[in-house]
Amino acid sequence: MDYEFLLLEKKWQEKWAAEKTFKAVTDPSKPKFYVLDMFPYPSGAGLHVGHPLGYIASDIYSRYKRLKGFNVLHPMGYDAFGLPAEQYAIQTGQHPEVTTGKNIARYRSQMDRIGFSYDWDREFRTCDPAYFKWTQWAFLKMFGSWYDKAQDKARPIEDLVRAFAEGGSAAVDAAASDTPVFTAAEWNAFSEKEKSDVLMHYRLAYQGETFVNWCPELGTVLANDEVKEGYSVRGGFPVEQKKMTQWQLRVSAYAGRLLDGLDRLDWSDSLKEMQRNWIGRSEGAEMVFKVRNGSAEYDMTIFTTRADTVFGVTFMVLAPESEWVEKLTAPACKEAVEAYLTEVKKKTERERIAGKTVSGVFTGSYATNPLTGKEVPVWISEYVLSGYGTGAIMAVPAHDSRDYAFARKFNLPIIPLIEGADVSEASFDAKEGIMMNSGFLDGMSVKEAIPAAIAYVESHGIGHRKVNYKIRDAIFSRQRYWGEPFPIYYKDGIPTPLPEEALPLTLPEVDEFKPTAAGDPPLARAADWTYNGYPLETSTMPGFAGSSAYYLRYMDPHNDKALVSAEANGYWRDVDLYIGGTEHATGHLIYSRFWNKVLFDLGYVCENEPFRKLVNQGMIQGRSNFVYRIVGTNKFVSLGLKDQYKTTEIHVDISLVHNDRLDTEAFKAWRPDFADAEFILENGEYICGWAIEKMSKSMYNVVNPDTVCDTYGADTLRLYEMFLGPLEQSKPWNTKGIDGVNRFLKKFWRLFWDRERFLVNDEEPTKAELKALHTLIGKEQEDIENFSFNTTVSAFMIALSELGECSKRAILEPLVILLSPFAPHITEELWHQLGHSGSVAYAAYPEYNPAYTVEDTCSYPVSFNGKTRFIADLPKSLSKEEVEAEVRSMPQTAKYVGDGNILKVIVVPGRIVNIVVK
RNA sequence: GCGGGUGUGUUGGAAUUGGUAGACAACCCAGACUUAGGAUCUGGUGCCGAAAGGCGUAUGGGUUCGAGUCCCUUCACCCGCACCA
């Protein structure tokens with residue numbers, strides 16, 4: 001009987017589906033293990049071989065854990081709201097739901113061929129009302145809560161209202177966008193609208209005016225992580241800064257906890273570092289400078305991490321968007337300031353980043369240094385950001401390179417504060433050295449001076465210690481159609497939450513998916529987008545909304561009373577292993593942690609962090625092929641000869657190329673404009689060029705997993721993707737090596753079958769066979785726990801070659817179990833042929849017996865005349881003295897050159913006895 | 001500029017964490033069996049050398065009896081952040 005993978009893979013996939021083999025049921029008698037993949041956005045292009053890499057790894061791990069006796073939750077679903085489907089809808093008029101449905105069906109059929117052990121009963125898509133009901137519900141919870149800094153947690157907004165009614169604004173220490181000051185009596189006298197406006201500054205989901213990333217091409221605002229270098233991540237359109245009122249999530253309130261929580265997570269260092277960077281904690285002080293514009297005086301607060309350098313402040317700088325600009329522009333400078341502001345505004349974000357030219361303008365106002373009493377000019381410059389700190393800085397040109405450049409350009413004084421620092425050519429930014437020119441700080445090191453300066457300003461009431469974070473609140477509204485509608489309506493202008501019973505609030509039908517002529521979002525096109533006669537919010541939630549709590553929903557996906565029941569959540573708790581790409585480092589992985597912490601604070605979930613261990617699979621790149629067209633002709637020249645002509649490089653579909661040799665006939669048939677192509681060959685062949693690039697349709701280098709399953713089978717695909725190299729590394733897809741893996745499976749099959757005979761027998765295994773088996777068991781356990789799947793595959797190949805043609809049941813049966821996480825189909829088939837009725841997925845993992853694998857002899861290193869040699873095969877149990885004696889007794893010539901002399905024995909920590917011959 | 005990471009045959013990659021570098025594969029070569037092979041099997045394959053032997057883990061140094069592994073230098077590449085005061 002031959003290894004007919006197509007037949008048996010189909011057979012078992014159907015059986016697993018029909019019998020719901022991988023259905024996960026809450027079972028408190030077993031330990032749980034939750035393995036999650038980052039669910040895909042189902043794009044129109046379908047899956048290529050790179051997508052399943054992480055899914056295969058997580059499936060192997062799930063199956064392994066199941067064999068080890070864990071109750072495994074391993075679900076899959078779809079992140080189905082999002083821009084591409086909507087862009088397509090705008091172009092074609094086709095409803096995004098239709099295209100999304102088609103894409104999902106395609107994804108599902110591709111995944112089904114690979115034999116994953118998902119519990120498909122838990123599948124959902126984020127655009128399904130039964131699911132997004134809970135996204136809207138979570139939004140309402142955030143709308144209905146505030147962050148109490150005193151308790152360091154979110155609390156219901158009712159508590160805040162009560163506190164205000166009893167003690168006014170001074171009664172709480174809360175995270176807020178703005179902190180109006182009022183008494184209890186004033187609060188109680190506020191109108192509904194006024195109360196609503198005040199509370200809006202405190203809510204975790206709130207409406208507020210800020211500068212946002214506005215993408216005119218997409219017609220929507222974007223979150224910071226959706227913008228890269230001034231362009232939208234989706235589509236690559238230019239993004240500009242625009243002041244708008246938008247829904248936001250108060251992620252900044254959680255900055256400290258998001259940062260501290262990282263220490264307890266088993267994530268890669270680079271990923272944690274990325275998040276730390278994004279959160280951007282810096283310790284420093286806020287200080288008040290008196291500022292004066294003519295006769296008008298104000299207190300202006302600035303933030304600095306270098307309180308020690310106050311004595312070197314020679315000017316102040318405001319961000320162009322700062323509200324201080326208006327207050328501090330002197331009449332004489334008004335024209336110049338306005339001209340500067342217009343110039344700054346004209347620049348796109350892109351130009352501001354790229355330009356890095358020093359520019360600025362004097363306001364005509366002055367600030368007083370609170371320590372020296374000296375007056376310094378106040379300037380405006382775009383190098384100061386409005387969104388960080390207070391949007392105004394004290395400039396210390398001697399010890400900050402940006403201030404230095406500015407001072408040089410505008411001829412402002414530079415006062416060095418650190419002994420021996422040469423500031424004639426550049427600033428001295430390092431936080432080291434001994435202070436000078438700094439009054440009471442003179443003689444201190446910088447490390448001493450910083451806290452001393454802060455202590456001084458605190459005791460004199462001119463400032464206080466302050467921790468600042470870079471992370472900003474997440475802009476949460478999108479002026480688009482294909483997303484969750486906000487469960488908010490406007491009652492006399494007051495944003496009001498829908499009652500929970502009214503959820504889900506589903507998307508209305510619209511005639512077009514474009515904004516209205518008036519520039520309102522597409523939802524404004526709906527015939528009756530109202531609630532009880534009041535207008536509903538017309539923007540929708542962003543892509544990350546639906547993915548922020550989906551891991552919780554999998555625990556209890558059909559519950560229509562709660563996002564997740566307390567029982568289900570109490571059992572499954574959190575994700576033990578999360579596998580996905582790094583691209584979500586500062587997006588989804590921050591938002592999810594935030595979202596989870598809010599639900600945790602409010603008592604809806606039992607774990608503070610959602611993802612215990614996280615592994616980033618690398619990207620699988622494509623190997624593209626090129627042909628070279630001679631410019632102005634339809635002639636194509638082979639790679640080796642192309643330098644003799646002026647050519648353009650053209651991507652050619654890799655299915656037309658084998659081993660870099662072009663199938664010229666297929667090429668002519670590929671595209672009409674190549675039909676009459678001519679070729680200049682070398683040695684009768686057309687050789688193509690190649691490059692490693694991102695796998696994508698436009699580069700014609702996409703390898704479809706279906707094709708691989710057709711030619712080699714899913715088990716080969718799975719093994720090969722793991723064999724390709726370390727999981728976390730990016731690597732190009734290379735079909736050359738796949739034959740070796742396929743050959744391994746064929747050989748494995750031949751242990752059980754020759755042409756027509758089932759070979760398995762009940763003979764006793766030899767010692768060597770047991771050793772091969774147990775070495776493999778030990779290796780597999782260790783490797784899988786370390787996510788080193790590539791070496792496990794190698795270990796299987798080694799074991800197979802050591803076993804020769806062993807067809808003994810006592811060896812083969814455990815072998816089938818060991819291989820089953822990697823190659824589930826072939827092993828399931830063989831498991832049943834061995835006479836078992838249940839699935840191999842629930843077999844008991846073979847017990848590892850190290851006794852079989854222990855070597856009873858080993859080699860001892862002996863150094864002689866500076867060279868290390870090894871004396872082989874002495875008993876492993878020897879003490880150093882015995883080894884010494886053994887070496888002495890050996891015929892010298894047999895072991896090392898020269899006359900044997902004194903032996904000096906050194907014991908290195910561990911098992912190795914080290915012998916030096918002198 | 002700051003931060004994280006990587007550098008091993010022709011290629012993907014191993015190396016019990018300081019102990020005989022190159023496992024396992026791919027490629028290539030030779031042979032066997034075949035009407036045929038892009039099937040299967042066997043053997044060879046880091047470099048130099050006829051051999052003995054020598055040289056080899058990006059670079060230069062250091063620690064050690066012993067370094068791919070630890071420490072310092074330089075270089076190259078990849079990724080993330082980037083006027084964050």
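Within every chain, numbering begins at 1; the chains are lettered A, B, ... in the order of the sequence lines, protein sequences first and strands thereafter.
Distance check on atom C1': B:C41 versus B:U69 gives 39 Å, rounded to whole Å. Comparing B:G18 with B:G13, their P atoms are spaced 23 Å from each other, to the whole Å. Taking atom C1' in both B:G22 and B:G9, one finds a spacing of 7 Å when rounded to whole Å. For the P atoms, the distance from B:U42 to B:C24 is 13 Å, rounded to whole Å. B:G1 and B:C71: their P atoms are spaced 24 Å apart (whole Å). Using C1' as the reference atom, B:C29 and B:U35 are 25 Å apart when rounded to the nearest Å. Across B:U57 and B:U40, the matching P atoms stand 37 Å from one another, rounded to whole Å. The separation of B:A23 from B:G31, taken at their P atoms, amounts to 24 Å, rounded to a whole angstrom.
Within the 4.0 angstrom heavy-atom criterion, no nucleotide atom of any strand lies near A:Pro732. If you check every strand for non-hydrogen atoms under 4.0 Å, A:Tyr469 touches nothing. A:Asp403 comes within contact range of no nucleotide atom at all, as no heavy-atom separation falls under 4.0 Å. Note on A:Ser794: a base of the nucleic acid sits closer than 4.0 angstrom, heavy atoms only. Within the 4.0 angstrom heavy-atom criterion, only backbone atoms of the sugar-phosphate kind lie near A:Arg743; the bases stay farther away. Within 4.0 Å of A:Arg472, counting heavy atoms only, lies no atom of the nucleic acid at all. A:Lys747 comes within 4.0 angstrom of the backbone, heavy atoms only, and of no base.
Nucleotide B:G31 forms a pair with B:C41, judged by Watson-Crick or G-U wobble geometry with both contacts under 3.5 Å. With a cut-off of 3.5 Å on both Watson-Crick or G-U wobble distances, the partner of B:C81 is given as B:G1. Partner assigned to B:G7 is B:C75, using Watson-Crick or G-U wobble distances below 3.5 angstrom. Across all strands shown, B:A52 has no partner, as no Watson-Crick or G-U wobble contact with both distances under 3.5 Å is found.
The number of heavy atoms from other shown groups lying within 6.0 Å of CD (A:Glu583) is above 12.
Listed nucleotides: B:G4, B:C81, B:A85. Nearest to the side chain of A:Phe303: B:A85. Relative to the side chain of A:Asp400, the nucleotides B:G80, B:A85, B:U40 differ in distance, and B:A85 lies closest.
Residues A:Asn616 and A:Thr582 have side chains that never bring a donor and an acceptor to within less than 3.5 angstrom of each other. Side-chain polar atoms of A:Tyr340 and A:Ser359 form a donor-acceptor pair below 3.5 angstrom.
For A:Phe748 and A:Phe796, the ring centers sit 6.0 Å or farther from each other. If you look at A:Tyr848 and A:Tyr852, their ring centroids are not closer than 6.0 Å.
Nearest-nucleotide mapping onto RNA chain B: of A:Met797 and A:Gly387, the residue sitting toward the 5' end is A:Met797. Closest-nucleotide positions on RNA chain B for A:Arg281 and A:Glu273 were compared, and the one nearer the 5' end corresponds to A:Glu273.
A salt bridge links A:Arg465 with A:Glu283: at least one charged nitrogen is closer than 4.0 Å to a carboxylate oxygen.
Considering every non-hydrogen atom in both A:Ala426 and A:Tyr404, the closest pair reads N-OH, 3.3 Å.
As rounded to whole Å, 15 Å separates atom C1' of B:G38 from atom CD1 of A:Ile738. The nearest whole Å value for the distance from the CG atom in A:Asn616 to the P atom in B:G80 is 12 Å. Residue A:Phe723 contributes atom CZ, which lies 10 Å from atom C1' of B:A14 at whole-angstrom precision. Atom CE of A:Met619 is separated from atom P of B:G5 by 20 Å (rounded to the nearest Å). In this structure, A:Gln729 places its CD atom 8 Å from C1' of B:U6, rounding to the nearest Å. As rounded to whole Å, 9 Å separates atom P of B:A25 from atom CG of A:Leu800.
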